Protein chains: 2
Amino acid sequence: MVTIYDIAKDSGYSIATVSKALNNKSVSEKARRAILKSVEELHYTPNSSARTLATNKSWMIGVVFGENLGIGIAHPFFSQVIEGFKKHMELYNYDLLFVSRHMGLQQETYRHLQHRGVDGIVIIQSFGEDEMQNIEMSMPTVYIDRPSDEPGTVYSDNRSGSRLAVNHLVENGHKKIAHIMGNQTTYAGIERAKGFRQAMRDHGLDVREDYLVDGGYYSQAGGREAMIRLLSLEDKPTAVYAAGDEMAIAAIKVIKEWGLRVPEDISVVGFDDIQLAQHIDPPLTTIRQDKELIGQQAAIMLLDKIANQDTKHVNKTKMVPVSIVKRQSVHNLA
Amino acid sequence: MVTIYDIAKDSGYSIATVSKALNNKSVSEKARRAILKSVEELHYTPNSSARTLATNKSWMIGVVFGENLGIGIAHPFFSQVIEGFKKHMELYNYDLLFVSRHMGLQQETYRHLQHRGVDGIVIIQSFGEDEMQNIEMSMPTVYIDRPSDEPGTVYSDNRSGSRLAVNHLVENGHKKIAHIMGNQTTYAGIERAKGFRQAMRDHGLDVREDYLVDGGYYSQAGGREAMIRLLSLEDKPTAVYAAGDEMAIAAIKVIKEWGLRVPEDISVVGFDDIQLAQHIDPPLTTIRQDKELIGQQAAIMLLDKIANQDTKHVNKTKMVPVSIVKRQSVHNLA
DNA sequence: TCTCCTGTCGAAAGCGCTTTACATGTGTAA
DNA sequence: TTACACATGTAAAGCGCTTTCGACAGGAGA
């Protein structure tokens, strides 16, 4: 391995000067040129461990990925958010470290991240709160999709999303609207349900408890079960708003299986706008989350936290707007 | 930060002994217990940079992700392969480092990985060979989906995939079979096309050159264009085998737009079995790649390379079998 | 009793880099 | 000429850890 000593010897300067030249500190043009020449010739590559050890700065961001579908990085929503995050972090020369997730033991994961000396952490979890509390984070950290009152969180405007969905449905003449909820220990699930209730009330519609069904962790399996419950009702809804696209897609399937049509008999609205949404039959009307932007905002926030660790400036939360994309799964009753 | 010195002082042993105790080297039970007690009490976390510096082992694997769709980690095929890779690597306590991709400059990326001191590299690229040659890899490296004659490569049995597709089509009475090829600078694209030609020949069918169209980099846009070309032909094929699901899906859309039916008028077979495949109308018959397994095999191979760096044992390539999943996009002509 | 072996532990060097504090050389003003 | 400021370069310490090699104690064998 070629080190800074080799460069020093080859160029005729001291290692201190070499270090300065490599870090754009003040050295004469002459010295800089000579040193860079040696660097080229000897194929020198600085050793980041040594640098990290000396500077206490690793230029790595730890990524904590927690989802309980078992698909990890392949998670359609998370992967897009992380990609947005990565793109922004790249601009500032940070690399991303995906640490092996010491099964469930959050404390362990945090220890590990500390061991790695990452400069910051981004946490993106699908499951409940109680599973990851009590972690004293003495490290710059940003959360995605967690309670909005916690500082350092980036999240979609879930309530507005629900409002958009309900508004659209009401505008199309629907009154009997059901909601397939996301698991009520997840932040997104809670917020979307709240937004749904609020929007219904705002329209003077009452929220029937039997129209509120739990769809679990946003999977098709959960959506399927929920929809079956809805269809088993005496008085069926004319529209269903699901808190996630996968659940909405499963709902559509079930409706068809029961011999009903979408959207003529039952309209469906989803949440997320995953790639699949536009390809199913009928194309799904849904609330679009801007995954790229969420990731980017998280990156900006984390960068800010890293830069201002000393100043105890309380970090705000950041809400990312959502939008409705109207396709063909909603029928106009009028 | 609490260091090994603090533990030494607190426990009454020297730092050398502490280090040994922490690395399961031989120390007396008494010493080990005392040291571990101090570790607990002081919340000591070893510093991986220092350790890496001293041992020249980082326990990190560099991941090089090259795709030209601009979706990075969110790539449906790659993300699943990487997830399989990650799951296996976790078993051996390796973390994954996603380095910022110094736009195109492969040489730069490799330098960066070297700088980071990763113990090994996994490269998963969608584009052509010429874009990444001349990189002298003095580091354990594994490639996914590259020429099978290069040592250290894991790839799907693309030729057999094509054979499965053609066989299935022929069994259903098709003779006029077209192939939407993946870009012919990509390894997978080349192999699948070769397999197609071979399989056709084996069935005594001739391969019409106008039935071989380039679909580009496996995107829907490319598939769409290719299918249009096929439909513009005087003598249309009765079946189309696309080298990728996205292309197949686009093809189905185009066929429908032209007022034809799938599969009654034209049958379609894809490759990959991405999640979308089962949700479109009609559900797509396709060749399934075992992404998890590919990732896992890559991990196994890399681990082996890392363990046996000295012994110049030439690394074999590893071919992962594919299978056909029959859904409803193929029509029986009989 | 003395010697030798074994098991335990510690001193110190070294991994490759940054950074502080100081030395040297050059130019400018008095 | 002397004095001083400034620009440039260097020696050396230190970041937190591993590892070699030698010191030492205690027990076994003669």
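If you're wondering where the values come from, they're calculated on a predicted model, not measured in any experiment.
- Across all strands, Tyr5(A) comes closer than 4.0 Å to base atoms (heavy-atom distances).
- With rounding to whole Å, Tyr44(A) atom OH is found 10 Å from dG16(C) atom P.
- Between the side chains of Thr186(B) and Tyr217(B), not a single donor N or O lies within less than 3.5 Å of an accepting N or O.
- For Ser156(A) and Asn158(A), the side-chain atoms include no donor-acceptor pair closer than 3.5 Å.
- A salt bridge links Glu292(B) and Lys87(B); the closest N-O separation between the charged side-chain nitrogens and carboxylate oxygens is under 4.0 Å.
- When the side-chain nitrogen and oxygen atoms of Ser49(B) are compared with OP1 and OP2 of dC17(D), none of them lie within a distance under 4.0 Å.
- The nearest whole Å value for the distance from the CG atom in Asn56(A) to the C1' atom in dC15(D) is 8 Å.
- For the pair Arg32(A) CZ and dA7(D) C1', the computed distance is 14 Å after rounding to whole Å.
- Checking dC9(C), dC15(D), dT8(D) against every side-chain atom of Ala54(A), the shortest atom distance belongs to dC15(D).
- Counting non-hydrogen atoms under 4.0 angstrom, Ser19(B) reaches a base of the nucleic acid.
- If you measure from atom CZ of Arg116(B) to atom P of dC17(C), you get 14 Å, rounded to the nearest angstrom.
- When each of dA12(C), dC9(C), dC17(C) is scored by its nearest atom to the side-chain atoms of Ala16(B), the top-ranked nucleotide is dA12(C).
- Whole-Å rounding puts the Ile15(B) CD1 to dG14(C) P distance at 15 Å.
- Distances were taken from every side-chain heavy atom of Leu53(B) (C-beta onward) to each of dT18(D), dC17(C), dG16(D); the shortest belongs to dG16(D).
- Listed pair Thr3(B) / dG16(D) fails the phosphate criterion, with no side-chain N or O lying under 4.0 Å from OP1 or OP2.
- The phosphate of dT18(D) has OP1 or OP2 within less than 4.0 Å of a side-chain N or O from Asn23(B).
- Rounded to an integer number of Å, the gap from Met1(B) CE to dC17(D) P is 7 Å.
- If you take CG of Asn47(A) and C1' of dC17(D), they are 13 Å apart, rounded to a whole angstrom.
- The side chain of Thr55(B) contributes no N or O atom lying less than 4.0 Å from OP1 or OP2 of dC17(D).
- No more than 12 heavy atoms of other residues, nucleotides or ligands lie within 6.0 Å of CG in Asn56(B), so this atom counts as exposed by the packing criterion.
- Taking atom CD1 on Ile7(B) and atom C1' on dG10(C), their separation rounds to 17 Å, with Å as the unit.
- Side-chain contact annotation: Thr17(A) with Ser14(A), donor-acceptor N/O pair under 3.5 Å present.
- Phosphate proximity of dT10(D) to Thr17(A): present, with a side-chain N or O under 4.0 Å from OP1 or OP2.
- In this model, the phosphate group of dT19(D) is approached by a side-chain N or O of Lys25(B) to a distance below 4.0 Å at OP1 or OP2.
- Distances from the side chain of Lys20(A) to the nucleotides dT18(C), dT20(C), dC17(D) place dT20(C) closest.
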